[in-house]
Amino acid sequence: MTQPARRLVVGVTGATGSLYAIRLLQILRDVPDVETHLVVSAAGVLNIKHELDMSRAQVQALADRVYSVRDIGAPLASGAFPTAGMVILPCSMRTLAAVAHGLSDNLITRAADVTLKERRRLVMMVRETPYNLAHLRNMTAVTEMGGVVFPPLPAFYFRPASIQEMVDHTVFRVLEMLGIHVPGPTWEGSA
């Protein structure tokens, strides 16, 4: 008897950094026990097109299941739909604010609300700099609710040779936070 796949909800919003989302989906295609459930906002689609010159169809082909951001009746909108958690990458400050204030006005923010209320892991890769006080307060609110604020900051201790290696390292760390183990560079301590 085979074990059912772990479902991971992936939200993509209109902040810069769509490469993180694409790379996460690509990596998870090779993880047989993880099933990806993708929701991309309209601004997320525009950003992917601008940053990576990828179409909506190309992005959707990377996921196991795809939902419209307007589909509030989707399975992801219910706590009865078990998941391993959710990652929003990149996460706009608008999406962060909506989650921080419980505004379930689209499927990404509703799925995040469900993730928090069911005490599942929510990782939000917020993309903005510098932060203003509203950003910081919203990050605090999400953290107090059990979410993880995870700005995608590159690590240099493993001496990356390319942007791809930096992106991969960040994506591997996010997946670890969600209990999904994939091989990648780790800190082994100083010699």
Quiz prompt | salt bridge (charged side-chain N to carboxylate O under 4.0 Å, His left out) partners of R70, counting only residues at least two apart | solution = none

Residues two or more places apart in sequence or in another chain: which of them pass side-chain hydrogen bond (donor to acceptor under 3.5 Å, both in side chains) with [X]?
X   : value
S18 : E51
D53 : K49
Q26 : R23
Q58 : S55

Pairs in or reaching into [range]: which pass ring pair (Phe, Tyr, Trp, His ring centres under 6.0 Å), with residues at least two apart or in two chains?
range            : result
residues 131-153 : none
residues 88-117  : none
residues 8-52    : H37-Y67, H37-F81

Quiz prompt | Ion pair R110/D105, N-O distance below 4.0 Å | solution = no

Quiz item: Can you pull the salt bridge (Lys or Arg N to Asp or Glu O under 4.0 Å) pairs that have at least one residue in residues 124-146, sequence neighbours excluded?
Solution: none

Self-check item: Pairwise salt bridge (Lys or Arg N to Asp or Glu O under 4.0 Å) hits with a residue in residues 4-21, at least two apart
Solution: R6-D33, R7-E35

Quiz prompt | Cluster companions of L46 among Ile, Leu, Val, Met, Phe, Trp, Tyr (side-chain spacing under 4.5 Å) | solution = none

Self-check item: Sequence-distant partners of S92, side-chain contact (heavy atoms from CB on, under 4.5 Å), two or more places apart
Solution: T13, A15, R94, T95

